[in-house]
Amino acid sequence: MADVPADGLAPDSIEVLLMIHPLGFFAELSPGWGLPLDGSIRDAVRLAGEFDEDRIAGYLRGGTGIWSEMSAGPDVLDPEAPDLTGIGSLYTDGTWIWREDLAYYLSKYHVTLPADFLGHARGLGYSAPRVPDSRLIEIATEDLGMDLG
C-alpha cells in the first residue's frame with residue numbers, strides 16, 4: 001500500500017486549494033481568471049432579489065480593487081444593453097474575490113449568490129474591509145498565479 005500523507009489525500013488526488021473564495025465567476029463572463037466557475041449566469045437569474053440586495057451590491061462596490069482593467073464588454077443577458085466598463089477588473093474583501101460587473105448583475109438580474117457569502121457580508125455590516133497590500137499580493141500571486149516580479 002502506498003504512503004498516504006497526513007492530510008489523507010493520495011498524491012495524485014491533490015488539487016490546488018485556493019485561499020480566496022471566487023464569487024460570481026459565471027461561465028458566460030470573460031475573463032474568468034482561471035477561477036472555478038459558478039455555472040451559467042442564466043441559471044442564477046431570479047425574479048426578485050434578497051431583502052437586502054441593495055446593501056449586498058454596495059458591499060461588492062466597496063471591495064478593495066486588486067486588478068483594474070479598462071476593458072468593456074456586453075451585458076451577456078441583454079445584448080441590446082450598453083456595454084459595461086471594467087468587466088475584467090477584480091475586487092476583494094480579503095476572503096472573497098469577484099469581478100467588477102457582479103454588482104451590476106446582482107442589481108439588474110438578482111443573480112443568486114452563495115449563502116455563506118451573504119452571511120459574511122451581513123456579518124460585516126455590509127461594509128467590505130480595506131484589504132492590506134500584503135494580502136492583495138498574496139491573492140494575486142498564490143490564488144491568481146500572477147508574476148509580480
Side-chain angles (χ1 to χ4, degrees), residues 7 9 12-149:
D7 63 9
L9 297 174
D12 60 348
S13 68
I14 295 175
E15 296 179 19
V16 175
L17 300 177
L18 298 174
M19 295 172 54
I20 194 82
H21 300 283
L23 178 68
F25 287 87
F26 297 105
E28 295 87 351
L29 303 179
S30 179
W33 291 95
L35 294 166
L37 299 178
D38 290 328
S40 172
I41 194 170
R42 287 171 175 73
D43 296 336
V45 171
R46 297 179 301 160
L47 294 176
E50 295 284 332
F51 69 93
D52 56 351
E53 182 177 84
D54 289 343
R55 296 183 80 186
I56 297 293
Y59 183 94
L60 295 171
R61 289 184 191 101
T64 301
I66 188 170
W67 182 262
S68 181
E69 286 192 12
M70 298 201 46
S71 57
D75 174 334
V76 298
L77 296 171
D78 180 4
E80 302 300 317
D83 278 353
L84 306 173
T85 58
I87 60 169
S89 298
L90 296 175
Y91 288 83
T92 186
D93 62 7
T95 302
W96 295 84
I97 190 167
W98 58 90
R99 292 165 41 109
E100 181 174 334
D101 54 358
L102 182 58
Y104 167 83
Y105 286 107
L106 176 66
S107 296
K108 184 166 183 183
Y109 300 107
H110 318 293
V111 294
T112 304
L113 298 178
D116 47 346
F117 168 75
L118 296 174
H120 175 77
R122 290 170 181 148
L124 291 171
Y126 306 98
S127 181
R130 185 194 154 301
V131 181
D133 289 346
S134 60
R135 178 67 177 128
L136 295 175
I137 291 168
E138 181 181 68
I139 294 167
T141 56
E142 294 181 23
D143 293 313
L144 300 176
M146 293 180 178
D147 180 6
L148 303 180

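This one's a predicted model, so the numbers in the text were calculated from it and none came from an experiment. These numbers come from the heavy atoms of this one structure, side chains and all, not from hydrogens, waters or symmetry mates.
Within the 4.5 Å cutoff, no side-chain heavy atoms of Val131 are placed close to those of Ile66. Looking at heavy atoms from C-beta onward, Glu28 lies in side-chain contact with Arg42 at the 4.5 angstrom threshold. By the 4.5 Å heavy-atom criterion applied to side chains, Arg135 and Ile20 are counted as neighbours. The shortest side-chain heavy-atom distance between Ile87 and Leu29 does not fall under the 4.5 Å cut-off. Counting heavy atoms from C-beta outward, Trp33 and Met146 have side chains that approach closer than 4.5 Å. Residues Tyr105 and Asp75 meet the side-chain proximity criterion, which asks for heavy atoms closer than 4.5 Å. With contacts defined as side-chain heavy-atom distances shorter than 4.5 Å, the pair His120/Asp93 qualifies.
Residues Glu100 and Thr85 come closest through the heavy atom pair OE2-O, 4.0 Å. Of all heavy-atom pairs spanning Ala121 and Ile56, the tightest one is CB-CD1, 3.9 Å. Scanning all heavy atoms of the two residues, the minimum distance from Ser107 to Ala57 falls at OG-CB, 3.5 Å. Counting all heavy atoms, side chain and backbone alike, Pro36 lies closest to Phe25 at O-CB, 3.9 Å. Closest non-hydrogen pair, Trp98 versus Thr92, comes out as CH2-C, 3.7 Å. Of all the heavy atoms in Tyr104 and Ala81, the pair that sits closest is OH-CB, 4.3 Å.
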Problem set entry | Verdict with reasoning, Asp38 to Val111, per side-chain contact (heavy atoms from CB on, under 4.5 Å) | CA-CA 11 Å; Asp38 290 328; Val111 294; over 6 Å; no

Problem set entry | side-chain contact (heavy atoms from CB on, under 4.5 Å) between Ile139 and Met19, worked out | CA-CA 8 Å; Ile139 294 167; Met19 295 172 54; over 6 Å; no

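Within the structure, ring-ring contact (aromatic ring centres under 6.0 Å, His included) contacts touching residues 121-142 (residues at least two apart or in different chains) do not occur.
In this structure, NE2 on His21 lies 6.5 Å from OG1 on Thr95, to the nearest 0.5 angstrom. Expressed to the nearest 0.5 Å, how far CZ of Arg122 lies from CD of Glu50 amounts to 5.0 Å. Note: Leu77 CG to Ser40 OG = 8.0 Å, rounded to the nearest 0.5 Å. Between the CG atom of Leu102 and the CD1 atom of Ile97 there is a distance of 12.0 Å, given to the nearest 0.5 Å.
The side-chain contact (heavy atoms from CB on, under 4.5 Å) test with Tyr109 singles out one residue from Asp78, Leu47, Ile41, and that residue is Asp78.
The backbone N or O of Ser89 lies less than 3.5 Å from no partner atom in the side chain of Ser68, so there is not a single donor-acceptor pair. The backbone N or O of Ser30 sits less than 3.5 Å from a side-chain atom of Arg99, completing a donor-acceptor pair.
Not counting sequence neighbours, the partners of Phe117 by the ring pair (Phe, Tyr, Trp, His ring centres under 6.0 Å) test are Tyr59, Trp96.
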